[in-house]
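Report on the following structure.
Within every chain, numbering begins at 1; the chains are lettered A, B, ... in the order of the sequence lines, protein sequences first and strands thereafter. Just so it is clear, the values below take in all heavy atoms, side chains as well, and ignore hydrogens, waters and symmetry mates.
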Number of protein chains: 2
Amino acid sequence: MNVRTLCLGILTFKEASGYEIKKMVEEDVFGHFIDASYGSIYPALTKMMAEGLVNVRAEEQAGKPDKKVYAITPFGRQELAAALLVDPAKDKFKSEFMFQIMLQEFLPKEHVAQIYQSQIEYLRDEIEKIRCCVGDHQVNHPSMSFVAGFGEASLGAGLKFLEDNRAQILGDETPSLTLVDGTLDHNKDQIEGQSKDQKNA
Amino acid sequence: MNVRTLCLGILTFKEASGYEIKKMVEEDVFGHFIDASYGSIYPALTKMMAEGLVNVRAEEQAGKPDKKVYAITPFGRQELAAALLVDPAKDKFKSEFMFQIMLQEFLPKEHVAQIYQSQIEYLRDEIEKIRCCVGDHQVNHPSMSFVAGFGEASLGAGLKFLEDNRAQILGDETPSLTLVDGTLDHNKDQIEGQSKDQKNA
DNA sequence: GTGAACATGTAACAAGTTACATGATTGA
DNA sequence: TCAATCATGTAACTTGTTACATGTTCAC
């Protein structure tokens, strides 16, 4: 699936400028399973404009530069439906973090501890982001809330695994802090971390 | 992270040919968080050979064509350690399936039902693959089993979500088949699918 | 008056994929 | 003999990213 289809899909939810599409891909529910940069979004929009898949309207904004608001046309919807009909490519999950963990013996202990903590915080942030979407934003769309639920479930399980199995990688030198709660069932090392430097930008 | 580092990392576990590296990336625990094709592996290996990061040994095989077995050199390990020291890029999860679900209203019901079932089967296969790795293969490496555990946890949660929330997307017209087991706790629609056509190659 | 957020766009570049090209060997 | 698996390699091509280039308005 290409940026074209991606933009077309987003535009079915609401009209948006290239800038706004990029923001959605970064922050909204979309962000968990798609990706795109300005360098691909703007040219795609321009080209689709020429092909009649979208139309533009210049919008003046008080206190902000003008923006070009794109909307999908009936022809665009047709194209989208066709593009959507091909069987989806299988999921692709890339994790440099996991690669580093796999090769942790080549890394200084402190580095491993640091990326481990960063990963936990990153996952917490992502989950929080999804919850925000479901809360304040309009994820009224049933499909949207389904997708959000899926993301929360997957990321949540991953996070829990990292929290529970910390000792497996980091040894028992867990930061001496308070336990999350009293309901420990088996071999838990649940520790609430405190650092705040999120290095993976 | 590039294919170079990927190959170097894999070669720390065992010597391998380009063909074997590709197979590992497809089938082993690696497969869940990295990706590479022949077209990138072979050139990377050749280049690293010239740079002294790996060395080769031609191995004759009974009943099979000869293969070029690559091994990492001390210099290669040095390079790997350096490459590993940079903070990992954040995880990237791409799912065309989720994109299609989000836009399901543009798709025929049957298509949605079909990709939904395919996705469930795909996830089951992936989890099974991980379990096989842990079982027969040597995932003796503690880091390996950790990574496998993480994959199993994440994928398992995603699969469970799909199984439990089928009705949200597909409605209640679940195929009339036998329930998986009797231990239903809350709102489960766990159905054992029977189709076998896995379309996402 | 300076940095941050808003806003659009392009061109050079990186990186890897696909398809092609080749060839051995085995088993149905 | 034909498909499948093993095995290596290259070149054209896609695709998208990064960095650059430019400009507005606001808040501190």
Side-chain angles (χ1 to χ4, degrees), chain A residues 1-8 10-11 15-27 30-31 33-50 54-70 83 86 89-90 92 94 96 99 200-201, chain B residues 1-8 10-11 15-27 30-31 33-50 54-70 83 86 89-90 92 94 96 99 200-201:
Chain A
M1 203 205 33
N2 50 13
V3 183
R4 276 169 81 87
T5 313
L6 166 61
C7 291
L8 245 23
I10 289 177
L11 291 176
E15 303 183 328
S17 64
Y19 191 79
E20 286 166 339
I21 289 174
K22 167 73 172 143
K23 289 290 151 215
M24 285 183 217
V25 164
E26 267 173 3
E27 293 154 20
F30 304 96
F33 52 94
I34 47 183
D35 217 356
S37 62
Y38 290 124
S40 57
I41 292 171
Y42 283 122
L45 251 19
T46 308
K47 205 177 169 214
M48 289 198 290
M49 180 63 212
V54 295
N55 56 44
V56 212
R57 164 171 57 85
E59 196 175 291
E60 292 172 45
Q61 297 181 112
K64 284 179 191 173
D66 294 1
K67 63 178 174 182
K68 292 163 80 171
V69 180
Y70 292 87
V86 304
K90 66 178 201 179
K92 210 161 268 184
K94 291 235 191 190
E96 293 194 8
F99 188 72
N200 21 2
Chain B
M1 202 206 33
N2 48 17
V3 183
R4 278 169 79 87
T5 313
L6 165 62
C7 290
L8 244 24
I10 289 176
L11 291 176
E15 302 182 328
S17 63
Y19 190 80
E20 287 166 338
I21 289 175
K22 167 73 173 143
K23 289 291 150 214
M24 285 185 217
V25 165
E26 266 172 5
E27 293 154 20
F30 303 97
F33 52 94
I34 46 182
D35 217 356
S37 61
Y38 290 125
S40 57
I41 292 169
Y42 283 122
L45 251 17
T46 307
K47 205 177 170 215
M48 289 198 290
M49 179 64 211
V54 296
N55 57 45
V56 213
R57 165 171 57 84
E59 198 175 290
E60 293 172 45
Q61 297 180 109
K64 285 180 192 174
D66 294 1
K67 63 178 175 181
K68 291 163 81 172
V69 179
Y70 291 87
V86 303
K90 66 177 200 180
K92 210 160 269 184
K94 293 238 191 188
E96 293 194 9
F99 187 72
N200 22 1

If you find the nucleotide of DNA chain C closest to A:Gln61 and the one closest to A:Gly39, which residue's nucleotide is nearer the 5' end? A:Gln61
Please report, rounded to the nearest Å, how far the P atom of D:dT18 is from the OH atom of A:Tyr38. 13 Å
First and last nucleotide of DNA chain C, 5' to 3', lying under 4.0 Å from heavy atoms of chain B: C:dG16 to C:dT26
May I have the distance from B:Asn2 (atom CG) to D:dG16 (atom C1'), rounded to whole angstrom? 17 Å
Backbone N or O of A:Met1 within a donor-acceptor pair of the B:Glu96 side chain at under 3.5 Å? yes
Return the value, rounded to whole Å, for the distance between atom NZ of A:Lys92 and atom P of D:dT15. 13 Å
Atom pair CD1/CG of B:Ile41 and B:Leu6 - distance to nearest 0.5 Å: 6.5 Å
Give the rounded distance in Å between these two atoms: OH of A:Tyr42 and C1' of D:dT15. 19 Å
Going by ring-ring contact (aromatic ring centres under 6.0 Å, His included), name the residues that satisfy it together with A:Phe33, two or more places apart in sequence or in a different chain. none
Quick one: is D:dT17 close enough that its OP1 or OP2 comes under 4.0 Å of any side-chain N or O from A:Ser40? yes
Matching residue for A:Leu8 among A:Asn2, A:Val3, A:Val54 - test: side chain to side chain contact (heavy atoms under 4.5 Å, CB included): A:Val54
In whole angstrom, give the distance that lies between atom NZ of A:Lys68 and atom P of D:dT24. 17 Å
Find the distance B:Glu26:CD to D:dA7:P and express it as a whole number of Å. 13 Å
Geometric cation-pi criterion A:Lys68 and A:Tyr70, 6.0 Å radius, 45° cone: no
Separation of D:dT5 P from B:Asp66 CG (nearest whole Å): 21 Å
Answer with base, sugar-phosphate or nothing: what part of the nucleic acid does A:Thr46 contact at a heavy-atom distance below 4.0 Å? nothing
For the pair A:Glu27 (side chain) and A:Met24 (backbone), establish whether a donor and an acceptor sit closer than 3.5 Å, ignoring hydrogens and angles. no
